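Take a look at this one; I'll ask things after.
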Amino acid sequence: MKTYRVTGPICVMLKEESSYVPRSLPKGAIVSLKEMSLDFIRHLIADWNGKNTLLFARELLMNAERVSEGER
């Protein structure tokens with residue numbers, strides 16, 4: 001699983017109960033990608049604090065940096 005640290009706010013859709021709600025990931029948040037397709041228009045499925053989120057690849061590329069296992 002690839003892991004990223006948020007360097008600027010990222011808008012996501014967070015799964016809460018049976019639906020997704022809009023949220024913003026704060027700077028410093030750690031997300032782990034479950035499905036990855038960095039083609040700038042598709043959404044990614046990621047884990048944030050044990051919750052499923054949907055986010056756009058472009059947001060991740062512009063507002064996050066890759067981290068290694070030891071940097072978490």
Side-chain angles (χ1 to χ4, degrees):
M1 217 180 306
K2 294 184 179 177
T3 303
Y4 291 82
R5 179 180 298 115
V6 175
T7 58
I10 293 179
C11 295
V12 299
M13 297 299 288
L14 182 65
K15 179 125 184 181
E16 290 186 357
E17 296 181 21
S18 61
S19 61
Y20 283 90
V21 294
R23 295 285 185 257
S24 180
L25 296 183
K27 184 177 179 178
I30 300 292
V31 294
S32 298
L33 298 183
K34 294 182 177 184
E35 288 184 25
M36 188 165 181
S37 173
L38 293 177
D39 62 7
F40 293 100
I41 58 171
R42 302 202 48 189
H43 71 271
L44 306 172
I45 299 172
D47 176 82
W48 175 58
N49 288 340
K51 297 180 181 179
N52 282 331
T53 63
L54 300 175
L55 62 137
F56 286 102
R58 182 172 179 84
E59 291 264 331
L60 186 72
L61 289 172
M62 293 174 59
N63 296 306
E65 60 189 6
R66 181 101 187 262
V67 295
S68 66
E69 287 292 319
E71 292 182 87
R72 289 183 176 189

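Nothing here was measured: the structure is a model prediction, and the numbers come from that model. One-based numbering along the sequence shown.
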Of the non-hydrogen atoms in Thr3 and Ser32, which two are nearest, and what is the gap between them?
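Closest heavy-atom pair between Thr3 and Ser32: OG1-OG, 3.5 Å.
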Applying a strict under-4.5 Å side-chain criterion to I, L, V, M, F, W and Y, I'd like to know whether Ile45 and Met13 cluster together.
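Yes; Met13 is reachable from Ile45 via cluster members.
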From CG (Leu25) to CZ (Arg5), nearest 0.5 Å:
14.0 Å
Please report the closest heavy-atom contact between Tyr20 and Asn52, naming both atoms and the distance.
CE2-O, 4.2 Å
Examine distances only and state if a side-chain atom of Thr7 and a backbone atom of Asn63 form a donor-acceptor pair shorter than 3.5 Å.
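Checked: pair present.
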To the nearest 0.5 Å, tell me how far Leu33 CG sits from Lys2 NZ.
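Separation between the atoms: 8.0 Å.
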Shortest non-hydrogen contact from Val31 toward Ala46
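Distance-wise, the nearest heavy atoms are CB-CB, 4.4 Å.
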When rounded to the nearest 0.5 angstrom, what is the spacing between CG in Leu44 and CZ in Phe56?
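Result: 9.5 Å between the selected atoms.
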Looking at every heavy atom in both Ala64 and Ile10, which two are closest together, and how far apart are they?
CB-CD1, 4.3 Å
What distance do Leu55 atom CG and Arg23 atom CZ have between them, rounded to the nearest 0.5 Å?
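Rounded to the nearest 0.5 Å, the CG-CZ separation comes out at 15.5 Å.
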